[in-house]
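Below you will find the structure I want to go over with you.
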Amino acid sequence: MHTNCKVLEKRVFHDPEVINWLEDHDVLTILGDTTLDTEDYPATTALKKVYGQAGNVPFTVVWLPDGSRHDLLGMFNKDDLKTVLAPLEE
């Protein structure tokens with residue numbers, strides 16, 4: 001896994017506040033390691049085909065219940081994630 005992905009995972013997705021918020025709002029999180037841009041890795045192939053983003057790490061896709069998609073490219077913090085997920089509070 002790419003170093004930036006590990007930092008993002010530790011600083012955002014392992015943060016107790018983020019964990020509690022995601023659980024309280026029934027948010028499903030899925031981790032796919034696309035560090036290697038090769039046809040041998042299904043996650044890489046799928047992300048490239050569907051989102052055109054394989055090899056761009058970190059790459060976070062957020063789908064909201066209304067069907068809207070938000071892409072977070074590169075590093076972000078928990079406040080950035082909460083901003084994208086703000087409609088869940090309404």
Side-chain angles (χ1 to χ4, degrees):
M1 184 181 292
H2 192 271
T3 302
N4 284 347
C5 296
K6 291 178 184 178
V7 171
L8 182 65
E9 187 174 352
K10 183 176 181 177
R11 290 187 180 167
V12 177
F13 291 107
H14 286 179
D15 180 289
E17 183 182 356
V18 172
I19 292 169
N20 289 333
W21 196 91
L22 293 173
E23 288 176 354
D24 290 347
H25 291 83
D26 294 323
V27 174
L28 172 66
T29 59
I30 301 170
L31 172 66
D33 186 351
T34 62
T35 304
L36 299 175
D37 188 13
T38 174
E39 298 297 321
D40 297 333
Y41 291 87
T44 302
T45 303
L47 283 174
K48 182 182 282 185
K49 182 183 278 186
V50 175
Y51 300 107
Q53 291 295 332
N56 297 322
V57 292
F59 171 58
T60 302
V61 179
V62 178
W63 286 98
L64 295 179
D66 67 2
S68 62
R69 173 181 143 193
H70 303 269
D71 297 345
L72 297 169
L73 299 175
M75 299 300 291
F76 58 90
N77 61 42
K78 65 184 180 183
D79 291 331
D80 297 325
L81 179 61
K82 285 183 176 182
T83 297
V84 169
L85 296 172
L88 297 177
E89 289 288 324
E90 298 172 359

Partner residues of D71 under the side chain to side chain donor-acceptor pair (under 3.5 Å) criterion, sequence neighbours left out: R69

Residue list, side chain to side chain donor-acceptor pair (under 3.5 Å) with N20, at least two apart or on another chain: none

Straight-line distance of H70 NE2 to D80 CG, nearest 0.5 Å: 13.5 Å

Transitive ILVMFWY cluster of L72, excluding itself - 4.5 Å side-chain cut-off: V7, L8, V12, F13, V18, W21, L22, V27, V62, L64, M75, F76, L81, V84, L85, L88

E17: partners by side chain to side chain donor-acceptor pair (under 3.5 Å), with sequence neighbours left out: K78, K82

